[in-house]
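Structure, as structure tokens:
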Amino acid sequence: MPVVRASKAFIPTLKEAPTDAQVASHRLLVRAGFVRQLGAGLYDYLPLAKRSLSKIEAIIRQEMDAIGAQEFYLPALHPAEIWRESGRWDVMGDNMFRLKDRKGGDYCLGMTHEEIFTAIARDELRSYRQLPQVWYQIQTKFRDEPRPKSGLLRVRQFTMKDAYSFDVDAAGLDRSYDDQRGAYERIFSRCGLDFVAVQAHSGSMGGSGSQEFMVRTDAGEDLVAACPKCRYAANTETATSRLEALPDQPWEGAPERFATPGVVTIEALQRQPYGVGARRQLKTLVYLADGRPVLAVVRGDHDLNEAKLQTATGASEVRPAHPEEILPLLGARPGSLGAVAFTGAPVFVDPAVAARTNMVTGANEDGFHLRGVDVKRDLLGHGKVAELRTVKAGEGCPRCDGTLDVFKALEVGHIFKLGTKYSDALRANVLKADGVETPIVMGSYGIGVERILAAAIELHHDQDGIRWPLAIAPFHATVLPLGQEPELVQAAEQVVAALAGAGVEVLYDDRDERPGVKFKDADLIGIPVRIAVGKKGLAQGQVEWKLRGSKDVALVPLAEVAARAAALVRQATAGAPA
RNA sequence: CGGGGCGUAGCGCAGCCUGGUAGCGCGUCUGCCUUGGGCGCAGAAGGUCGUCGGUUCGAAUCCGGCCGCCCCGACCA
């Protein structure tokens with residue numbers, strides 16, 4: 001095992017981090033000399049980072065290979081045609097980096113590789129006998145994120161392990177999907193991450209089902225709803241909850257229009273003289289789904305979830321309508337909108353209000369509302385029930401009698417049952433045993449490599465720096481001679497040689513620095529085992545053994561450290577498939 | 001895309017309001033000193049003040065355009 005000497009290594013640590021680093025992983029990666037920023041969402045990975053990233057990739061490879069997945073390496077530069085075939089050249093919009101070649105042909109930088117892998121399957125797979133196939137690669141992806149942020153957590157160029165499964169039928173897909181899920185659990189565990197697998201929104205990938213692997217951290221951008229009593233856990237983009245049924249006072253006859261001058265908020269309608277509780281109001285929101293207007297109706301005190309609206313409409317993109325788009329459509333401004341008897345656009349109604357009666361909503365006339373609205377009678381004739389609202393912490397679990405917890409989380413992996421969306425689009429078919437041609441049933445499975453790195457730091461750090469899980473630490477151990485005296489240096493080099501001989505990866509801090517500097521850097525970089533060689537200990541033939549995660553310092557005979565470190569490394573990196 | 005902030009030495013910042021000398025800390029280099037938690041002393045190097053234009057005798061400072069970066073709201077590994 002080669003030894004790295006700190007005096008020669010490029011490990012540019014900093015006393016102060018740039019102020020624009022907001023999250024712990026970003027701050028520490030910069031301070032500890034792992035990364036530097038090149039541009040918005042673009043990072044230089046320096047040698048320390050490269051070492052850790054390579055370890056993460058190695059774990060991913062081992063687990064992929066263990067379930068029979070085969071590694072590929074495909075281009076990151078794609079001709080536009082293949083994306084046009086699947087229809088995603090347009091769907092991906094501004095998130096895709098696009099460019100032209102010298103002849104004027106359209107190209108893009110790959111955001112993901114469903115199209116490319118599916119094209120290979122289409123061209124090469126003919127028979128069900130060749131299935132299942134599970135293919136993967138570890139490769140660079142490019143996404144022109146509207147807002148890169150949080151260091152490595154949201155960037156424009158990143159490394160993804162993406163895998164694709166090809167089966168004859170849904171049962172085969174289920175098996176491939178389960179294999180991947182198992183591999184993902186082992187990968188994240190081995191990388192030292194606590195994670196939860198949650199039910200997820202499929203977004204632009206399409207398909208029937210998907211799960212995200214989430215790391216619970218405030219640095220994350222997703223919200224997960226989870227039940228501590230049962231296994232239920234879902235991204236709030238799909239999570240549902242159990243709500244108490246609300247009693248409604250009876251109301252005879254048709255809705256009644258009443259004047260509400262100047263009232264344009266739920267809040268205002270709650271106040272006197274109206275006194276209409278938010279839970280008795282219908283909130284009507286106007287959105288454009290792929291450019292076409294739609295209405296979303298939720299309870300007054302509930303929040304619309306745009307991802308759910310996207311699912312309900314089947315659109316690839318939804319956005320709130322501008323006020324000037326709303327007025328001509330509904331004849332009123334926001335604040336007086338309602339969906340009663342409105343057929344000018346599709347209407348979606350949240351289940352929480354589907355059975356309600358005697359509700360109040362806008363009359364589509366500025367300054368007027370309607371009361372006595374019976375949702376089933378007045379809205380569901382033309383409208384459709386669809387999950388639209390965002391669940392909140394404290395609501396009932398939809399699966400048991402528990403109470404939902406809602407927390408922030410970072411997505412590190414996502415697995416999808418794609419079905420035949422891409423095989424249909426690209427005509428990737430095989431012949432079944434009965435001689436009939438059938439579209440290949442696909443799954444797609446992604447892991448963000450740099451996100452694992454950053455997530456591990458979010459989970460494992462303290463005031464002094466990073467506390468790497470041993471399996472993905474840039475080095476297993478660091479050896480610090482606490483002075484330049486020949487006997488110290490000689491003893492340190494003896495320890496270093498023994499460690500290297502025992503298969504331990506060592507950073508040897510041979511710099512002519514004061515002990516304080518070496519201790520600070522060792523803590524900052526976060527190497528799991530620190531072996532300090534000082535005069536006092538050496539007089540007894542001992543060196544200091546300290547683990548980054550603990551306060552305890554042990555004196556260990558010089559001759560025993562290597563075996564001790566090797567045992568620790570063996571134990572911590574166990575779990576690799578044979 | 002909507003809103004806010006910033007751009008001055010490698011890093012962190014002051015100077016700008018009220019135009020005229022570009023400064024501080026850390027880091028770097030040299031020497032001495034020190035050697036168990038980012039020591040101490042002395043000396044030194046290092047800046048087209050993001051960029052283009054305007055105002056002015058004179059612009060880091062005032063005005064305008066552009067570029068870049070960060071943060072807050074809608075997207076994803």
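First the proteins, then the strands, lettered A, B, ... as listed; each starts at 1.
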(message) From C-beta outward on A:E16, which listed nucleotide comes closest to its side chain: B:C69, B:A77, B:G25?
(response) B:G25
(message) If you only use heavy atoms from C-beta on, which nucleotide in B:C75, B:A77, B:U35 is closest to the side chain of A:H414?
(response) B:A77
(message) What contact category does A:V449 fall into here, base, sugar-phosphate, or nothing, at under 4.0 angstrom with non-hydrogen atoms?
(response) nothing
(message) Heavy atoms only, 4.0 Å cut-off, all strands: where does A:G39 land among base, sugar-phosphate and nothing?
(response) sugar-phosphate
(message) Using the salt bridge (Lys or Arg N to Asp or Glu O under 4.0 Å) criterion, which residues pair with A:E487? Sequence neighbours excluded.
(response) none
(request) Decide if the gap between the ring center of A:F475 and the ring center of A:W468 is smaller than 6.0 angstrom. (result) no
(message) I'd like to check, for A:F519, whether its ring lies over the base of B:G38 with centroids under 5.5 Å apart and a plane angle smaller than 30°.
(response) no
(message) Which nucleotide, if any, forms a Watson-Crick or G-U wobble pair with B:G47, using both distances under 3.5 Å?
(response) none
(request) Using Watson-Crick or G-U wobble geometry with both distances below 3.5 Å, tell me the partner of B:C62, or none. (result) B:G54
(request) For nucleotides B:G10 and B:U55, find the distance between their P atoms and express it as a whole number of Å. (result) 32 Å
(request) Record whether the side chain of A:R530 comes under 3.5 Å of the base of B:G37 through a donor-acceptor pair of N or O atoms. (result) yes
(request) Look through every strand shown and name the nucleotide pairing with B:C11 as Watson-Crick or G-U wobble, where both distances are under 3.5 Å. (result) B:G25
(message) Is the phosphate of B:C72 approached by A:K149 (side-chain N or O, under 4.0 Å from OP1 or OP2)?
(response) yes
(request) Could you give the distance separating B:U21 and B:C39 at their C1' atoms, to the nearest angstrom? (result) 35 Å
(message) Nearest to the A:A40 side chain among B:G38, B:C69, B:G12, which nucleotide is it?
(response) B:C69
(message) Quiz question: going by heavy-atom distance under 3.5 Å, is there a donor-acceptor pair between the base of B:G38 and the side chain of A:E513?
(response) no
(request) With the side chain of A:R31 defined as its heavy atoms from C-beta on, choose the nearest nucleotide among B:C75, B:G38, B:U34. (result) B:G38
(request) Ignoring the backbone of A:K520, work out which of B:A77, B:C69, B:G37 is nearest its side chain. (result) B:G37
(request) Determine the contact category for A:D523: base if any of its heavy atoms lies under 4.0 Å from a base atom, sugar-phosphate if only primed atoms, P, OP1 or OP2 are that close, otherwise nothing. (result) base
(message) From C-beta outward on A:T19, which listed nucleotide comes closest to its side chain: B:G38, B:C70, B:G12?
(response) B:G12
(request) Would you classify A:R451 as touching base, sugar-phosphate or nothing, given that sugar-phosphate means primed atoms plus P, OP1 and OP2, and contacts are heavy atoms under 4.0 Å? (result) base
(request) Would you indicate which nucleotide in B:C69, B:C39, B:C76 comes nearest to any side-chain atom of A:D20? (result) B:C69
(message) Roughly how many Å apart are B:C62 and B:C17, using the P atom of each and rounding to a whole number?
(response) 5 Å
(message) Let's see if you can work this out: which of B:G36, B:A77, B:C39 has an atom nearest to the side-chain heavy atoms of A:K15?
(response) B:C39
(request) For B:G36 and B:C29, measure between their C1' atoms and round to the nearest Å. (result) 27 Å
(request) Would you please confirm or rule out a distance under 4.0 Å between OP1 or OP2 of B:C72 and any side-chain N or O of A:Q22? (result) no
(message) Suppose we define a pair by two distances each less than 3.5 Å, Watson-Crick or G-U wobble; what does B:C33 pair with here?
(response) none
(message) Would you say A:H461 and A:E458 are linked by a side-chain donor-acceptor pair, where the criterion is simply a distance under 3.5 Å?
(response) no
(request) Could you go through the side chain to side chain contact (heavy atoms under 4.5 Å, CB included) check for A:V215 and A:R451 one step at a time? (result) CA-CA 10 Å; A:V215 171; A:R451 271 199 186 170; over 6 Å; no
(message) Any donor-acceptor pair, under 3.5 Å, between the side chain of A:D94 and the base of B:C1, if you only look at N and O atoms?
(response) no
(request) Could you let me know what B:C69 is paired to, Watson-Crick or G-U wobble, both distances under 3.5 Å, or none if it's on its own? (result) B:G5
(message) I'd like to know if the side chain of A:Y136 pairs up with that of A:H113 as donor and acceptor (distance under 3.5 Å, no hydrogens or angles considered).
(response) no
(message) We want to know whether A:D179 and A:Y177 form a side-chain donor-acceptor pair, criterion being a heavy-atom distance below 3.5 angstrom.
(response) no
(request) Would you indicate which nucleotide in B:G38, B:C75, B:C76 comes nearest to any side-chain atom of A:E306? (result) B:C75
(request) Choose from B:C72, B:G37, B:G38 the nucleotide whose nearest atom is closest to any side-chain atom of A:R147. (result) B:C72
(message) Let me spell it out: for each of A:E221 and A:P148, pick the nucleotide of RNA chain B with the closest heavy atom. Which residue's pick is nearer the 5' end?
(response) A:P148
(message) Run the side chain to side chain contact (heavy atoms under 4.5 Å, CB included) test on A:F142 and A:C108 for me, step by step, so that the C-alpha distance in whole Å, both residues' side-chain angles and the decisive distance to 0.1 Å come before the verdict.
(response) CA-CA 9 Å; A:F142 299 88; A:C108 65; over 6 Å; no
